[in-house]
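Since the structure comes first, as structure tokens, the remarks are kept for the end.
Chain identifiers are assigned alphabetically (A, B, ...) following the order of the sequence lines, protein sequences preceding nucleic acid strands; residue numbering begins at 1 within each chain.
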Amino acid sequence: MAPQKLTEYERRRLENIKRNDQMLAALNIRSKLSQLSQSTKRAQTKSYKVSPEKKQRTETPIVLRRSLRARGVAPDPLSAGGLKDDFDETQNSISKKNSKLDSETTLMKRAYEKGPISMRDAYRTDASDRKLIETILDCSTELRLSEGNEVLGSSKLGRKVRGSIDIATMKLEPENIARVVPGRIMNLKFLPTTDARIVVVGNKFGDVGFWNVNAEDEDEDGIYLYHPHPAPISGIVCNSFSLSKIFTSCYDGFIRLMDMEKERFDLVYTSDYAVFSMSQKPDDLNSLYFGEGNGELSIWDARTGKSSSSWSLHQYRINTIDFNPQNTNIMATSSTDGTACIWDLRNVGVNGPASLKTIRHERAVHSTYFAPSGRFLATTSADDMVGLFSGDTYENMTMVYHNNQTGRWISSFRGIWGWDDSYVFIGNMRRGVDVISTTGKDVVATLQSEHMSAIPCRFDMHLYEVGMLAGATSGGQVYIWKPS
DNA sequence: ATTGTCATTACTCAA
DNA sequence: TTGAGTCCATGACAAT
């Protein structure tokens, strides 16, 4: 069973597992944990509800561009020789004999999808989504009106709330738990508004789910499900200027714009490569930055509707793209090639923006994010480290040990910043949220709750409500912590 | 450089 | 309450 020769990596991982097991045994936590998971089942009230007729359509087998990893490239599966690689065993049992037919239906499916999809066609939930749309459009309107009284642009950005939070006050109440989508959540975002608390999530199946947390309606639980993509959703971009427009990117290379006014998922960009990450420069809402295939970073321009630039910045996939909030020309990327890089977009050559710094981890880097002040940078890596960087050129480095071995079923952890430079929040394998302090240079607290029945692996903080943190699991759940 | 293979392991749901 | 099934992503590394 045990490998004959252990690599350093394996050895370390085994040590982790062993140590964890010992800790568990010592604390007799195993039995307590199982008790907890039992008791929490009842607390599970809110959940997406799919209408039967729609469900059928969701489960229609769709041939995806699989095996994206090795290539980073996704040549059209229809023209790619045999279908062998594109089918798994379970699908084979259904479709082995008429794979030809399947490829034809797939062709039609893709042809249909190569264009706008109406929100009605993509909608999967039982109850009407009218209320969701109205709520969001109302928020937008208020924002637009208030904009008139302000100086354009930067002042609005400055409204982003910053502040310290007492970690001990952050609580997870049962009513702030919901199963928003089926399957694994890849990405989640709070809509940046004070008028409503709405979480948008994207899952592995290409579903986009909404949870209106404060929906106080008797016949609605505030959960709405759409299916605009056929593959994992890699990015969600929304901004406070137009809440009714939400960009979503997908592993199949499509980027769509959900437009609540037009009630459509418009197709804005298609790539022959997988899109693994997407971000927006906070002061340039006319562009999208996204990671394509093996290390390409591209910019899509809303005014031309085309990709305007494409640079090869990394060797392997770009996992995250982030901008320094205080100087949005400074961009940070993280990549499976083991590096996190900082770039200056004011200084762009043929090979892309000038590289200001390369941070080298021993393994893949899963995320790189700037602190709200821009003065810190946090990296999360598969080498079981969270890097904290500070100083004018981020020259001061602190590596904090953190078990980031999430395995196959849990999405990689990504340490995100809170509402100031104090803390980085990151999931842990014990169904908790570790809080890393920049001053303490270590995990100083862990958010835990008996109501957390799964591991929260992807997070977002509410831009305007200090202490409101959302975490998402591989089972489609969303937890929202709030200050008590 | 490209391809192959191997190990990882939590959650849900049905019985 | 248990255990079977999921899963086909991801990353590391060996082989070519």
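Where K204(A) and A364(A) each meet DNA chain C at their nearest nucleotide, the meeting point lying more 5' is that of K204(A).
With rounding to whole Å, I410(A) atom CD1 is found 9 Å from dT12(B) atom P. Atom-to-atom, CZ of R184(A) to P of dG5(C) comes out at 20 Å; the value is rounded to the nearest Å. R317(A) places its CZ atom 7 Å from the C1' atom of dT10(C), with the value rounded to the nearest Å. In this entry the distance linking CG of D337(A) with C1' of dA1(B) reads 15 Å, nearest Å. Straight-line distance from the CD1 atom of I318(A) to the C1' atom of dG11(C): 17 Å, rounded to whole Å. Atom pair R408(A):CZ and dT5(B):P shows a separation of 16 Å (rounding to whole Å applied). Atom CG in N403(A) sits about 10 Å away from atom P in dA10(B), given to the nearest Å. At whole-Å resolution of the value, CE in M186(A) and P in dC7(C) are 14 Å apart.
Here the side chain of R363(A) is nearest to one of dA10(B), dA12(C), dA9(C), namely dA12(C). In the set dT10(C), dT12(B), dG11(C), the nucleotide with an atom closest to the side chain of Q477(A) is dT12(B). The nucleotide whose nearest atom lies closest to any side-chain atom of R179(A) is, among dA12(C), dT10(C), dT12(B), dT12(B). Of the listed nucleotides (dG11(C), dC11(B), dC7(C)), dG11(C) has the atom at the smallest distance from the side chain of N319(A). Closest to the A382(A) side chain, of the nucleotides dA10(B), dC7(C), dA12(C), is dA12(C).
F389(A) and F376(A) have their aromatic ring centers separated by at least 6.0 angstrom.
Looking at Y289(A) and L345(A), their side chains come closer than 4.5 Å, going by heavy atoms from C-beta outward.
The phosphate of dG11(C) has OP1 or OP2 within less than 4.0 Å of a side-chain N or O from H366(A). Using a 4.0 Å cut-off, some side-chain N or O of Y251(A) falls inside it from OP1 or OP2 of dT10(C). Taking 4.0 angstrom as the limit, T336(A) places a side-chain polar atom (N or O) nearer than this to OP1 or OP2 of dG11(C).
Tested against R124(A), the residues V208(A), D129(A), V181(A), L225(A) include a single side-chain contact (heavy atoms from CB on, under 4.5 Å) partner, L225(A).
Side-chain atoms of S367(A) and S334(A) include no donor-acceptor pair closer than 3.5 Å.
The same atom, P, is picked in dC6(B) and in dC7(C); the two are 22 Å apart, to the nearest Å.
Judged by distance alone, with hydrogens and angles left aside, the side-chain atoms of S381(A) form a donor-acceptor pair with the main-chain N or O of D383(A) at under 3.5 Å.
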